[in-house]
Amino acid sequence: LSEYAPPPNPNSDHLVAANPFDDNYNTVSY
Amino acid sequence: MYAKGGKGSAVPSDGQAREKLALYVYEYLLHVGAQKSAQTFLSEIRWEKNITLGEPPGFLHSWWCVFWDLYCAAPDRRETCDHAGEAKAFQDH
Amino acid sequence: MYAKGGKGSAVPSDGQAREKLALYVYEYLLHVGAQKSAQTFLSEIRWEKNITLGEPPGFLHSWWCVFWDLYCAAPDRRETCDHAGEAKAFQDH
């Protein structure tokens, strides 16, 4: 994979593809 | 837009940006019906995570269309590119 | 950002936006190293046109990193999100 690939282990076991502009979107917990 | 640092000057949010982009690309692939490609993508980037999708068409598609509409409505492009009235109004504002 | 037309109110540039997004997602998949996923994607969306790639990391990745950096630098998020100084300056400007 290239240097532009995402980190192999995202910092959370459960990823939610939520709209980051939604009010209840909490970037910190991501 | 401001010019981002050159090669290797990793901006602090880059790792998170790359993770988010991969997540939204995965969501986009599923919402456009490219299921096999989506699964292949997860295995190629070695993500064994459970992922909850947003509503179709997904965030990447929604934001991209807004961006593209604004791009087409820019004063020096609007004569040749289709665009929505709101985008022209937003640009002129 | 201005609110885009509701469901089904196709904005003139939407068709072109969808095609561009598919093209830049394909380029992104190749530049991150997800070759199999990239090829699978083209066949699943039955893409027939030939494609000339941009320089790595490609437009989608570059655009997204600027977008995400600005998102993180927004006044109500910058305390909790990493971001570049340029993004903060751009927001404050």
Separation of C:His61 NE2 from A:Tyr4 OH (nearest 0.5 Å): 7.5 Å
C:Val32 to A:Leu1 - nearest heavy-atom pair and separation: O-CD2, 3.3 Å
Atom CG of C:Asn50 with >12 non-hydrogen neighbours under 6.0 angstrom: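 Incorrect, the count does not exceed 12.
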Sidechain-backbone polar pair: C:Tyr71 side chain, A:Pro20 backbone, donor-acceptor under 3.5 Å: yes
